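In this text, all values refer to a predicted model and were calculated from it rather than measured experimentally.
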Amino acid sequence: MHDRYDVIGKMLHTLRFAFEVPGWKSEKEALIASVLQMLMGGGGSFSAGGPGKGMHSWLYLRILNEDQQVQSCTAFTSIFDNTGLFGIYGCSSPEFSAKAIELTAKELKDVAGGKGLQFNHLDRAKAATKSAVLMNLESQMIAAEDIGRQILTYGETKPVENFLKAVDELTLKDITDFTSKDNFKAFDNGFLWR
């Protein structure tokens, strides 16, 4: 928990928690983490609307639309060669911070258990993942960086079609299996409540 202030000087508490995930050398698991991030999504409590704002993501629908005290709640990934992080960042009013942690943990547990998770959620997350990658690769600078990273990680470059096919092949079972691994067990062991 960390204090910060919004634009009108109102105190907010931030929450952050993350779990270690495999890096790009475990390609399928890194892909699952990326799709899971898109599935969980999130954002700020205020958005100007329009397509692509994450308003159909899990965290947006189940936390930001339901609890006005939560100012933001967003899933993130940071993946390297051999390791990475999947996590959730958010902020709320100080009096609601404990509840915000509880709600966020519940939503991740629900996804891990497949509770309420449907094919349309996964299909939307897979489409968003593919779209983000393809849009990024339109930039020559990002494409050049991607080539360099692939050579450093794999010793070769892989066609983008391989990535797109691998994302398409992910299933709901892949998501629930991934989130039931030991690195996500901290929720079940009371890690957040110590």
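- Closest of all the heavy-atom pairs between P22 and E29 is CG-OE1, 3.1 Å.
- Within 6.0 Å of CD on E95 lie more than 12 heavy atoms contributed by other residues, nucleotides or ligands.
- In the hydrophobic cluster analysis, where Ile, Leu, Val, Met, Phe, Trp and Tyr join through side-chain heavy atoms closer than 4.5 angstrom, L31 is grouped together with L134.
- In the hydrophobic cluster analysis, where Ile, Leu, Val, Met, Phe, Trp and Tyr join through side-chain heavy atoms closer than 4.5 angstrom, I79 is grouped apart from I151.
- Salt-bridge check for K165 with E169: passed, with a basic side-chain N closer than 4.0 Å to an acidic carboxylate O.
- With a 4.5 Å cut-off on side-chain heavy atoms, K99 and Q69 do not count as touching.
- At least one side-chain heavy atom of D168 sits under 4.5 Å from a side-chain heavy atom of K130.
- Using a 4.5 Å heavy-atom cutoff, the side chains of D110 and R62 are in contact.
- Atom CD1 of I88 is separated from atom CZ of F17 by 4.5 Å, given to the nearest 0.5 angstrom.
- Between L103 and F96 there is a side-chain heavy-atom pair separated by less than 4.5 Å.
- A pairwise comparison of heavy atoms in F86 and L108 identifies CE2-CD1, 4.0 Å as the closest pair.
- Under the 3.5 Å distance criterion, the side-chain polar atoms of D146 are left unmatched by any main-chain donor or acceptor of I142.
- Of the inter-residue distances, the one linking I63 atom CD1 with M40 atom CE reads 7.0 Å to the nearest 0.5 angstrom.
- Taking 4.5 Å as the limit, every side-chain heavy atom of T74 sits out of range of all side-chain heavy atoms of F76.
- Linking ILVMFWY residues whenever their side-chain heavy atoms come closer than 4.5 Å, directly or via other members, leaves V35 and F80 in distinct clusters.
- Taking the side chain as every heavy atom from C-beta outward, L36 and I175 approach each other to under 4.5 Å.
- Judged by distance alone, with hydrogens and angles left aside, the side-chain atoms of T153 form a donor-acceptor pair with the main-chain N or O of R149 at under 3.5 Å.
- Contact annotation: the side chain of K158 never approaches that of F163 to less than 4.5 Å [non-hydrogen atoms, C-beta and beyond].
- Here the straight-line distance linking atom OG1 of T171 with atom CZ of F119 works out to 8.0 Å at 0.5 Å rounding.
- L172 and L59 fall within the same hydrophobic cluster, where Ile, Leu, Val, Met, Phe, Trp and Tyr residues are linked whenever their side-chain heavy atoms come under 4.5 Å apart, directly or through other members.
- Between L12 and P94, the shortest heavy-atom distance links the atoms CA-CD, 4.5 Å.
- A pairwise comparison of heavy atoms in K126 and V167 identifies CD-O, 3.0 Å as the closest pair.
- V133 and M135 fall into different hydrophobic clusters, where Ile, Leu, Val, Met, Phe, Trp and Tyr residues are linked whenever their side-chain heavy atoms come under 4.5 Å apart, directly or through other members.
- Here the closest heavy-atom approach between residue S57 and residue M38 is recorded as CB-O, 4.3 Å.
- The one candidate from T179, L170, L39 that meets the side-chain contact (heavy atoms from CB on, under 4.5 Å) condition with I32 is L170.
- Between the CG atom of L15 and the OG atom of S92 there is a distance of 6.5 Å, given to the nearest 0.5 Å.
- Between A30 and W24, the shortest heavy-atom contact is CB-CE3, 3.4 Å.
- Note that the NZ atom of K109 and the NZ atom of K106 stand 10.0 Å from one another [nearest 0.5 Å].
- One finds the CG atom of N82 at 5.0 Å from the NZ atom of K25 (value rounded to the nearest 0.5 Å).
- In terms of modelled atom types and a separation under 3.5 Å, the side chain of E20 and the main chain of T83 share no donor-acceptor contact.
- In this model, no donor atom of one side chain and acceptor atom of the other lie less than 3.5 Å apart for S180 and D177.
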